[in-house]
S.K.: 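The structure's right below; bear with me while I get my questions together.
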Amino acid sequence: MSTNSVTLYLKAEQNIELQSEDVYLKDIGKLTCTDENILAKIKTIKLHRFRKEEPQRQVISILKVIEEINKIYPNVSVENIGEADILIEHINVNKHKSPVQVFKIIFVSLIAFFGTAFTIMAFHNDIGINQVFSKVYKMVMGQASDGYGVLEFSYSIGLALGIILFFNHIGGRRITKDPTPIEVEMRVYEADVNKALIETADREGKMIDVH
Amino acid sequence: MFIKQIFMAVLGASFGFIVSGGVFTVLISVGLIPRFAGKMHIAKHIFILEEMVVLGTLLGDFLSVFSDYGDIGEWALSHEVFGAQATVAAWHVVGSVILSFFGVFSGIFVGCLALAIAEMLDTIPIFSRRIGFRHGLGIAILAVALGKMVGSLLYFTQSVYLYGG
């Protein structure tokens with residue numbers, strides 16, 4: 001088989017996080033090729049090196065990647081079936097295991113806890129839930145309610161059940177295999193952020209690209 | 001009588017079900033919690049955050065629906081949890097701490113929620129495009145934050161709530 005017929009298939013990812021300073025071609029996605037030797041060599045092509053003073057986030061265009069491959073193997077044709085631009089982030093390992101992270105979790109947890117408590121209270125206050133309940137009680141029972149009854153209890157149970165079904169888990173256990181709405185929203189948000197970062201880099205001419 | 005009770009139980013449970021669906025769809029679609037998790041790089045622990053959302057809602061539900069049972073201050077004072085002499089002074093401190101916790105964190109949440117909803121409707125991008133706004137977005141955001149703060153302070157100090165419906 002001559003090198004003329006070799007095609008490299010590349011499936012680039014949109015966002016990668018790296019702990020090492022050097023970015024190799026194997027890091028940016030999955031590759032396959034009929035020629036094992038060429039594949040092994042191409043995987044070790046160095047694309048970028050994060051220096052301390054440089055921004056720890058870079059966008060690499062797939063054209064640059066193809067150019068780098070063709071510098072060494074001019075006859076290999078590259079087929080990219082993944083993303084056109086790749087966002088690479090250099091992350092510090094130590095940063096992710098410190099008590100700072102625990103502190104952050106507690107901080108966000110407190111916001112989520114008190115925030116939602118406040119939100120539901122404000123909502124109940126807004127709709128005047130106790131008046132609504134006593135009205136419903138009077139309509140059904142024919143007399144005014146004295147204190148809290150079955151309506152309030154069943155409402156609270158319904159609320160709890162609704163949330164648990166909505167979020168799809170009790171404690172650490174999932175009810176069905178679907179991702180929870182927050183997990184789905186997390187992925188959507190991630191994709192949006194990546195897209196915005198890539199487009200900003202492109203517009204400001206900071207993308208690592210062919211010239 | 002018994003059938004009426006069952007009827008009311010069904011009513012109450014349905015109310016709760018639909019309310020939780022409605023309230024949480026708003027919370028989720030503005031994407032507040034994912035954003036916190038993304039900013040703080042704690043996406044791995046998103047379950048804890050969801051747990052907190054659930055627990056917080058249940059606390060708020062309890063405090064507003066069964067508000068007569070939520071009087072921990074009265075309970076603490078009448079049971080003299082810190083001894084006969086010290087309770088009033090000590091509970092003043094403890095209560096203030098609890099209140100400031102509640103205030104700060106629910107304030108952060110509501111502030112984020114308000115801007116997230118504004119942002120979901122693309123207010124800021126549309127406005128800045130219309131008026132050809134290129135620089136100083138940071139100043140505009142700061143102005144929004146300060147405006148919210150001033151408005152909130154005025155609302156409470158000038159008793160604006162008395163004039164509402």
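In what follows, chains carry the letters A, B, and so on, assigned in the order in which the sequence lines appear, proteins first and then strands, with residues in each chain numbered from 1. These numbers come from the heavy atoms of this one structure, side chains and all, not from hydrogens, waters or symmetry mates.
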S.K.: Which heavy-atom pair separates B:I33 from A:A112 by the least distance, and what is that distance?
M.R.: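 Minimum heavy-atom contact is CD1-CB, 4.0 Å.
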S.K.: Would the number of heavy atoms belonging to other residues, nucleotides or ligands and lying under 6.0 Å from CG of B:L146 be above 12?
M.R.: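 Above 12, so yes.
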S.K.: Check the pair B:F66 / A:S156 against side chain to side chain contact (heavy atoms under 4.5 Å, CB included), numbers first and verdict last.
M.R.: CA-CA 10 Å; B:F66 302 97; A:S156 299; 3.4 Å; yes
S.K.: Let me know if B:F7 has heavy atoms under 4.5 Å from chain A in its side chain, its backbone, both or neither.
M.R.: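 Contact with chain A involves the side chain of B:F7 alone.
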S.K.: With a 4.5 angstrom heavy-atom cut-off, is it the side chain or the backbone of B:S14 that approaches chain A, or both, or neither?
M.R.: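 Neither part; nothing is under 4.5 Å.
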S.K.: Supply the atom-to-atom distance A:S109 OG to B:I48 CD1, rounded to the nearest 0.5 angstrom.
M.R.: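 Nearest 0.5 Å value for the OG-CD1 distance: 6.0 Å.
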S.K.: State whether the number of non-hydrogen atoms from other residues, nucleotides or ligands found under 6.0 Å of A:I81 atom CD1 is greater than 12.
M.R.: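 Yes.
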S.K.: How long is the straight-line distance from CD of B:E50 back to OG1 of A:T116, given to the nearest 0.5 Å?
M.R.: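 So the OG1 of A:T116 and the CD of B:E50 are separated by 12.0 Å.
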S.K.: Applying a criterion of heavy atom separation less than 4.5 Å, what residues of residues 186-193 of chain A form contacts with chain B?
M.R.: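 Residues in range: A:M186, A:Y189.
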S.K.: Relative to each other, are the rings of B:F105 and A:F107 parallel, tilted or perpendicular (30° and 60° limits)?
M.R.: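 Perpendicular.
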S.K.: Rounded at 0.5 Å granularity, tell me how far CD1 in A:I106 sits from NE2 in B:H45.
M.R.: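 That separation rounds to 11.5 Å.
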S.K.: Answer with side chain, backbone, both or neither: which region of A:L110 has an atom nearer than 4.5 Å to a non-hydrogen atom of chain B?
M.R.: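 Looking at A:L110, backbone and side chain both touch chain B.
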S.K.: For the OG atom of B:S20 and the CG atom of A:L161, what is their distance to the nearest 0.5 Å?
M.R.: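 Between B:S20 OG and A:L161 CG, I get 8.5 Å after rounding to 0.5 Å.
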S.K.: With chain B as the partner, which of A:V132, A:I129, A:N130, A:T119 has the greatest number of non-hydrogen pairs under 4.5 Å?
M.R.: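 Highest number of heavy-atom pairs under 4.5 Å: A:N130.
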S.K.: Evaluate side chain to side chain contact (heavy atoms under 4.5 Å, CB included) for A:F133 paired with B:V65, printing each intermediate quantity in order.
M.R.: CA-CA 9 Å; A:F133 278 164; B:V65 175; 4.3 Å; yes
S.K.: Determine the minimum heavy-atom distance between B:F24 and A:I163, stating which atoms define it.
M.R.: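 Nearest pair, atom of B:F24 first, then A:I163: CE1-CG1, 3.6 Å.
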S.K.: Is it the backbone or the side chain of B:V110 that comes under 4.5 Å from a heavy atom of chain A, or both, or neither?
M.R.: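 For B:V110, the side chain is the part near chain A, not the backbone.
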S.K.: I need the minimum non-hydrogen distance between A:H124 and B:D61, along with the two atoms involved.
M.R.: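 Where A:H124 meets B:D61 most closely, the heavy atoms are CE1-OD1, 3.4 Å.
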S.K.: Would you please classify the geometry between the B:F101 ring and the A:F114 ring as parallel, tilted or perpendicular, with 30° and 60° separating the classes?
M.R.: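 The arrangement is perpendicular - the two ring planes meet at more than 60°.
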S.K.: Go through B:S67, B:S64, B:G60, B:G56 and name the one with the most non-hydrogen pairs under 4.5 angstrom from chain A.
M.R.: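 Of the candidates given, the most pairs with chain A belong to B:G56.
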S.K.: Could you go through the side chain to side chain contact (heavy atoms under 4.5 Å, CB included) check for A:F123 and B:V19 one step at a time?
M.R.: CA-CA 10 Å; A:F123 170 73; B:V19 164; 3.5 Å; yes
S.K.: Measuring heavy-atom distances to chain A, does B:L49 have an atom under 4.5 Å in its side chain, in its backbone, in both, or in neither?
M.R.: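 Contact with chain A is through both the backbone and side chain of B:L49.
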S.K.: Side chain, backbone, both or neither: which part of B:V23 has a non-hydrogen atom closer than 4.5 Å to chain A?
M.R.: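 Interface part for B:V23: side chain.
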S.K.: So which heavy atom on A:S154 is nearest to which on B:G12, and how close?
M.R.: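 Nearest pair, atom of A:S154 first, then B:G12: OG-CA, 3.5 Å.
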S.K.: What's the spacing between A:F113 CZ and B:L59 CG if we round to 0.5 Å?
M.R.: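 Nearest 0.5 Å value for the CZ-CG distance: 4.5 Å.
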S.K.: Kindly compute the distance separating CZ (B:F15) from CD1 (A:I127), expressed to the nearest 0.5 Å.
M.R.: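 B:F15 CZ to A:I127 CD1: 9.5 Å, rounded to 0.5 Å.
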S.K.: For a quick test of reading the model, state the closest non-hydrogen atom pair linking B:T57 to A:L159 and the distance between them.
M.R.: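 Minimum heavy-atom contact is CG2-CD2, 4.2 Å.
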S.K.: Pick one of side chain, backbone, both or neither for B:I46, based on which atoms fall under 4.5 Å of a heavy atom in chain A.
M.R.: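 The answer is the side chain of B:I46.
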